[in-house]
Structure formats: structure tokens, C-alpha cells
Amino acid sequence: MSFSQMRPRTSQLVELHVFYVPEEVWNFKLNTVPVALTSKFISAGFIRVSPHITLRVLREKLGEYLGGVAVADKFKFLKCIGKKLAVVKAKQETELELKSFAPPYALYPELYLLPGVEYFEDVYPLSSSTQQRHHFNAEANRFSNGSRLSSLPEQKPEKRQQFLGSIHSSHQLENQEVHSPVEWGEKEPVPVLHRKHKQDHNNRIQEKQIQFREKGKFNQRISRCLLNIIIISLENKMVEQLQQMKKDRRHMEKTREELIRKAKGLLEQNKLRRYHVREEWKKKYFETKKATVSLEDALNKLRQDLELYHQKLLLQLEARGSRKQPNNMTNSKNYTVIRIATVQHELDQLRRKLDDTKMKLVIEIKMRKQAASDLRALRAELTQKKIHSALILQSRKSGI
């Protein structure tokens, strides 16, 4: 195996842009920051690393990958989840690989750091930290332009070929996303390690699926509980509204009954008042009519006497005129007096007829007015009875 085959190929590396999140944009209350504020982040450069290195391993050598730049002693990794950045926990750093921060697993090949935050290293198990450190040292030595090979002591050709073959096998396992936690010096066969790692990977997938199902069931139960609570609250509100409507309806019915009772009382009072007025008017009318009969009799008798007196007067005047001037009666003074008396008598008769006609007309007008008033009262009473009947029928229907 040649020396060029030991160097990592460019296609096996991933380039990540490293950003520092400023303290003024970080929301300490919500423990997150929106992705929309990435334009305010500070660039620390970029790194070219293997996509299979975990964040825990990268933490120890981040300054070297950035070209020897000094890195903050205290910082936490952030990962873009949805529209915000979330803090990567200590346990998650041992599981997350750098390929999850590059496409197609992420939208942009960017790595975010939150400086100035305390990091507790003792949350990792000692064995896991040691194994990760050894794994990182092995990969760093493999990617250091053959410096590991140049420092090896002289060995026999068979042993040298066997050592190079083991490195090549390990390199192939890394390309297949299989990571061995053991050191280079262990003698366990590669196929066994591959099966164990694959079994662990499958177990993790199954555990995640189980957790996802349990989480889905829990969310479904929560949704059902919330839906039941909402339905119960709506039912309670509807019951309260229905009770309030029934209470309002009873109050309105009571008010309506009181108004109807008052209206009936007013109608009865008006009816009674009209009855008294009508009876009083009838009494006065009949009393006046009785008095008028005797007066009319006396008036008729006087009219007859006046008529007889007028006839006698005319006869006397005619007889006197015929004795004085038997041949020229039309030109005499006596004839003129007779004509004046006749015309005056006729005028008196016409005046009397006019007065009688006026009196009859006034009586007729009063009778018509009284009849119209009685008719209006009867119509109002009939309308009130119809309204009352309709209200009673409606209340019976609503009660049913």
C-alpha cells in the first residue's frame, strides 16, 4: 500500500462555517435564538473535518481545526431545529456527528457556538471520554500527512504490511459510517466489531421508534383530554346561556303579563268612563226631549193662534179696502199693508223651518259622532281581545 493511499481524500471531509452567537442576541429566558438573527452572528472561520467525528471529540481540538485560533474555554454547541437554535446537551455531544450539521441533514453547512456558558465535563463517563479521545487521536494521526507512519520503528515487512492492512480496513469502516470505540492496539476482529456496532445502531433506532410512538400516544391522549375539556367547557357555557335565556324569558313573560293586566285595567276604566258619559248624555237627552215635547206643543198652539190671527188680519184689511175703493184695490195703501203682512208671515215660516232644520242637523251630527266613537271603542276592544288571545296561544305553545 502506497503512502498516498493513507492520506484522506477531499471527498471524505466536510467543510463547516463556525459562528459565535453574541450574548446580546441570545434569549436567556427562552434559552434559544431565532434563525432570522444569524446575520448578527460573528464568524470564527471554517473547519475541514471528517463527517463522522462527534461534537465531544471536536470540542477538544476545535482550536487546531480553526488554524490555531484561540477558542473560548466555556461554550456550548447549538443546532438549528425548525426556526430556532437549540442547545446541544452534554450527552447529545457524544451522539451527534458533524455530518448532521451539513447538507443534506442541515440547510447550510454551519456550526454555531454559544460562548461564556459553563460546560461540565464530568457529566460524561470516564470510559466514554477516554475512548472518544483515543478515537480522535487515531483519526488525527491518520489525517496528519503520514507523520504517524514516519515515526513508526523499523519492523519486518510482514508485520508492516499487516499494520497497514489494519489501517486500511479501519478507514473503510469509517466510510461506511461505522465507528469503533476500541483503540488501535486491540485485537478484536473487524467483522465482529461491525456486527456489534450495527446491532447497537439498530437498537438505538428501535428505541427512538418506541420513544416516538410513546410520544405520539402521549400527544394523542393530551389532545383528547384537551378536546374533552373544551367540549365540557362549551357544554357548560351553552347550559349557562340556556338557563339565562330561560330566566330572561320568564322575566319577559312576567313583565308582559303585568303590562296586559295594566292595559286591561285602563281599557275597563275607559270603557266605564264612556259608559257613564253615554248614560249621562242619554239621561239629559231624554229629559230635554220630555221638556221639548210640552214646549213644542205650546209652540205649535201659539203658531196656530198666530196663523189664525194673521188670517183674520188679512180678512179685515181686505174687507176695509173693498169698502173704500172697490174698483182699484191694487193701488190702494191697504193692499200694500196686506202684501207686507203676507210676506212677513212667509218669512217667519221660512225662518222657523230653517231653525228646525238646523236643530235636526245638529242632533244628527251629534248622533253620528257618538256612533263613530262607540264604533272605535268596540274596534279597540276587539283588537285587544285578539292580541290577548294570540299571546295566550303563544305562551301555551312555548310551554309545550
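Applying the side-chain contact (heavy atoms from CB on, under 4.5 Å) test to Phe218 and every residue at least two apart in sequence or in another chain returns Arg221, Ile222. Applying the side-chain hydrogen bond (donor to acceptor under 3.5 Å, both in side chains) criterion to Arg274, with sequence neighbours excluded, gives Asn270. Remark: Lys83 pairs with no residue by the side-chain contact (heavy atoms from CB on, under 4.5 Å) rule, at least two apart or across chains. Shown here are the ring pair (Phe, Tyr, Trp, His ring centres under 6.0 Å) partners of Phe41, two or more places apart in sequence or in another chain: Tyr112. Judged as a ring pair (Phe, Tyr, Trp, His ring centres under 6.0 Å), and not counting sequence neighbours, the contacts of Tyr285 are Trp281. Ile81 is linked by a side-chain contact (heavy atoms from CB on, under 4.5 Å) to Lys79, Ala86, counting only residues two or more places apart in sequence or in another chain. Not counting sequence neighbours, the partners of Ile363 by the side-chain contact (heavy atoms from CB on, under 4.5 Å) test are Met359, Met367. Taking Asp297 as the reference, nothing meets the side-chain hydrogen bond (donor to acceptor under 3.5 Å, both in side chains) condition, with sequence neighbours excluded. Residues meeting the salt bridge (charged side-chain N to carboxylate O under 4.0 Å, His left out) test with Glu307, sequence neighbours left out: none.
Taking the ring centre of Phe75 as origin, the terminal cationic atom of Arg59 falls inside the region bounded by 6.0 Å and 45° from the ring axis.
Ile260 shares a hydrophobic cluster with Ile387, Leu391; the chain of contacts runs through ILVMFWY side chains whose heavy atoms sit under 4.5 Å apart.
Pairs passing the salt bridge (Lys or Arg N to Asp or Glu O under 4.0 Å) check and including a residue from residues 15-44, sequence neighbours excluded, read Glu15-Arg48. Pairs of residues two or more places apart, or lying in two chains, that qualify as salt bridge (Lys or Arg N to Asp or Glu O under 4.0 Å) and include a residue from residues 358-375 are Arg278-Asp374, Glu364-Arg368.
Look at Arg261 and Glu257 and you find no salt bridge, because none of the NZ, NE, NH1 or NH2 atoms lies under 4.0 Å from a carboxylate O. Remark: Arg351 engages Asp348 in a salt bridge, criterion side-chain N to carboxylate O under 4.0 Å.
A side-chain donor-acceptor contact under 3.5 Å links Asp248 and Gln244.
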